[in-house]
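The structure under discussion appears below in the form of structure tokens.
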Amino acid sequence: MTGTVAAIVVAAGRGERAGGDVPKQYRNIAGEPMIRPTLRAFLNHALVGVVQPVINASDAQLYRAATAGLEKLSAPVPGGATRQASVRAGLEALAVRAPDLVLIHDAARPFLSGALVDRAIAAGKSAGAAVPGIVVADTVKAIDGEAIVVETIDRSRLRIVQTPQAFAFDLILDAHRRAAAAGLDSFTDDAALAEWAGHRVSVFEGDAGNVKVTTNDDFDRAEILHLAGLADVRTGNGFDVHAFVDGDHVMLGGVRIPHSRGVTGHSDADVALHALVDAILGALADGDIGTHFPPSDPQWEGASSDRFLAFACERVRARRGIIAHLDVTVVCETPRVSPHRDAMRTRIAAIAGITVERVGVKATTSEKLGFTGRGEGIVAMATATIRLPWGGV
Ligand code: CTP
Ligand code: MG
């Protein structure tokens with residue numbers, strides 16, 4: 001497939017039906033403002049070269065916070081009073097680049113998949129104007145003013161239409177300019193505008209999961225949908241050992257525990273956190289603590305291990321995953337760990353950004369056997385359970 005593809009994400013609406021403190025596209029779903037995964041779906045797609053957001057001028061600050069760190073995003077342009085005006089603003093902003101194809105998408109549909117973008121591009125290239133549609137499963141009736149049925153509509157002819165809608169760029173820019181010149185400003189989707197301009201609009205297979213978030217209840221449903229999509233459950237294990245040396249405390253699970261000895265090793269030698277980091281990286285199949293924080297690098301000497309755990313957790317979130325559970329076992333004769341168990345759980349949960357119920361801390365001696373039994377060193381073993389989106393990598 002050749003030709004340049006741009007995407008417009010319209011996000012200038014006020015989200016009046018959803019209500020809330022901020023316009024809905026900036027409200028969180030699964031810990032992220034809704035607009036962020038929407039934009040990311042296009043930014044991550046290999047065939048989409050330009051992503052053009054259209055925002056409300058009064059949301060500039062919300063937009064900056066919501067998109068921090070996203071790369072390859074074009075500077076946002078201000079939208080208009082209607083969705084149609086906002087799309088036109090995006091098209092005019094892209095006119096200088098003159099892409100071959102443009103995908104027009106609502107910020108309020110954050111669940112679009114890469115496969116749907118694939119289908120939109122293919123259908124747009126072959127038809128010039130193409131929209132995703134899903135079949136209607138329910139029986140549909142037309143009623144009169146007294147709610148009396150006047151007709152049962154043949155549902156096999158009906159499609160519920162979504163975005164992204166794909167158009168040859170010149171075709172849709174021209175249609176928008178003509179509609180604006182004719183004083184028409186209330187087309188609710190771009191297909192309707194293309195139909196008005198006399199173009200044939202083709203329908204390709206949409207995606208039932210690509211729902212639009214419109215009302216406050218939709219946020220609850222979206223949250224559930226996101227969680228249900230995290231079906232790729234993975235576990236990883238981690239193991240770490242550090243030797244006792246002279247000193248007056250050990251760091252364990254991010255907690256300073258006074259002791260007659262200290263420990264030596266990488267950074268602050270917190271075996272519990274190091275084992276947890278490796279468990280999480282293991283679940284991601286993403287190297288180990290030494291890959292990301294080489295012990296030979298002087299900047300990690302004496303470093304607090306909190307940042308290693310925070311880093312590993314961020315790697316999970318960057319893949320839109322969650323940490324379902326962390327569990328660690330410490331093996332040593334002394335110090336006694338159980339008096340510090342709850343402090344360790346609380347600290348680990350805070351660093352990982354999860355609730356304390358999702359953190360297990362256990363301790364055992366090795367019955368005076370082996371190097372832990374002789375008090376030469378301390379061991380930690382950990383298991384991490386994470387959930388990633390199904391169909392990810
Ligand atoms: N949109 C826009 N400019 C407008 C109106 C809407 O860019 N003047 C965008 C919205 O931000 C949204 C998409 O068009 O991403 C679909 O619109 P809708 O779901 O109706 O969102 P809102 O208009 O914000 O919501 P409401 O109608 O409830 O106020
Ligand atoms: Mg609206």
Side-chain angles (χ1 to χ4, degrees), residues 6-29 32-43 48 50-67 70 73-94 102-112 116-117 120 131-134 160-167 172-173 175-176 179-180 183-194 206-207 209-223 225:
I8 292 174
V9 173
V10 281
R14 298 293 74 204
E16 268 157 27
R17 284 168 290 176
D21 299 338
V22 293
K24 63 182 179 182
Q25 55 273 36
Y26 301 108
R27 234 161 105 180
N28 277 9
I29 293 174
E32 288 190 309
M34 168 157 68
I35 190 173
R36 193 175 171 92
T38 310
L39 291 169
R40 201 165 38 210
F42 292 107
L43 291 169
V48 178
V50 180
V51 181
Q52 177 61 64
V54 181
I55 68 168
N56 197 292
S58 55
D59 295 340
Q61 215 168 331
L62 287 166
Y63 174 83
R64 262 199 305 281
T67 55
L70 292 183
L73 202 49
S74 296
V77 292
T82 61
R83 183 186 182 281
Q84 184 188 328
S86 295
V87 172
R88 181 159 172 231
L91 290 168
E92 295 291 356
L94 287 173
V102 62
L103 308 178
I104 303 173
H105 186 70
D106 294 337
R109 291 186 190 267
F111 293 110
L112 82 160
L116 183 62
V117 178
V131 300
I134 53 178
I160 295 168
V161 164
Q162 312 177 318
T163 68
Q165 303 191 346
F167 302 95
I172 198 69
L173 177 61
H176 264 271
L184 300 172
D185 64 1
S186 49
F187 288 108
T188 54
D189 78 345
D190 303 287
L193 197 146
D207 177 354
N210 175 36
V211 293
K212 181 151 85 73
V213 178
T214 305
T215 66
N216 197 39
D217 287 351
D218 289 341
F219 275 89
D220 296 337
R221 278 192 282 273
E223 210 61 65
L225 197 67

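Basis for what follows: all heavy atoms, side chains included, without hydrogens, waters or symmetry-related copies. The structure presented is a predicted model; accordingly, all values stated were derived computationally and were not measured. Start at 1 and go down the list; that is how both ligands and their atoms are numbered.
To the nearest 0.5 Å, atom CD of residue Q25 and atom CE of residue M34 are 6.5 Å apart. In this structure, H105 NE2 and T163 OG1 are separated by 4.0 Å, a value rounded to the nearest 0.5 Å. The CD atom of E223 lies 7.0 Å from the CD1 atom of I29; values are rounded to the nearest 0.5 Å. The distance from atom CG of L73 to atom CG of L39, rounded to the nearest 0.5 Å, is 5.5 Å.
At least one N/O-N/O distance between S86 and ligand 1 falls below 3.5 Å. For ligand 1, one of its N or O atoms has an N or O atom of A81 under 3.5 Å away. Between A12 and ligand 1, a contact under 3.5 Å exists for at least one N or O pair.
Proximity of G79 to ligand 1 is not established, as no heavy-atom distance is less than 4.0 Å. Judged by the shortest distance from any of its heavy atoms, R109 lies outside the 4.0 Å radius around the atoms of ligand 1. Using a non-hydrogen distance threshold of 4.0 Å, V54 does not register as a contact of ligand 1.
Residue-level proximity to ligand 1 for V10 is carried by backbone and side chain together, each with a heavy atom below 4.0 angstrom.
Under a 4.0 Å N-O distance rule, the pair K24/E16 does not qualify as a salt bridge. Using a 4.0 Å cut-off between a side-chain N of Lys or Arg and a carboxylate O of Asp or Glu, R14 and D59 qualify as a salt bridge. One finds a salt bridge joining R83 and D106 here, because a Lys/Arg side-chain nitrogen approaches an Asp/Glu carboxylate oxygen to under 4.0 Å.
Counting only N and O atoms by type, the side chains of N28 and R36 include no donor and acceptor under 3.5 Å apart. Residues D189 and Q165 bring a donor and an acceptor atom of their side chains to less than 3.5 Å of each other. Between the side chains of Q162 and N210, at least one donor N or O sits under 3.5 Å from an acceptor N or O. A side-chain donor-acceptor contact under 3.5 Å links S58 and N56.
Distances below 4.0 Å separate heavy atoms of Q25 from the following atoms of ligand 1: 11 (O). Against a heavy-atom cut-off of under 4.0 Å, A107 is close to the following atoms of ligand 1: 15 (O). Within ligand 1, counting atoms from 1 as listed, the ones closer than 4.0 Å to a heavy atom of A11 are 7 (O), 11 (O).
Looking at atom 26 (P) of ligand 1, its nearest protein heavy atom turns out to be E16 N, 3.4 Å. Looking only at heavy atoms of the protein, atom 10 (C) of ligand 1 is closest to G13 N, 3.7 Å. Protein heavy atom closest to atom 21 (O) of ligand 1, with residue, atom name and distance, is K24 NZ, 3.3 Å. Regarding atom 13 (C) of ligand 1, its nearest protein heavy-atom neighbour is D106 OD1, 3.4 Å. Protein heavy atom closest to atom 8 (N) of ligand 1, with residue, atom name and distance, is G80 O, 2.9 Å. In terms of protein heavy atoms, atom 20 (O) of ligand 1 is closest to R17 NH2, 2.8 Å. Looking from atom 22 (P) of ligand 1 to the surrounding protein, the closest heavy atom is G15 N, 3.6 Å. Nearest protein neighbour of atom 17 (O) of ligand 1, counting heavy atoms only, is K212 NZ, 4.4 Å.
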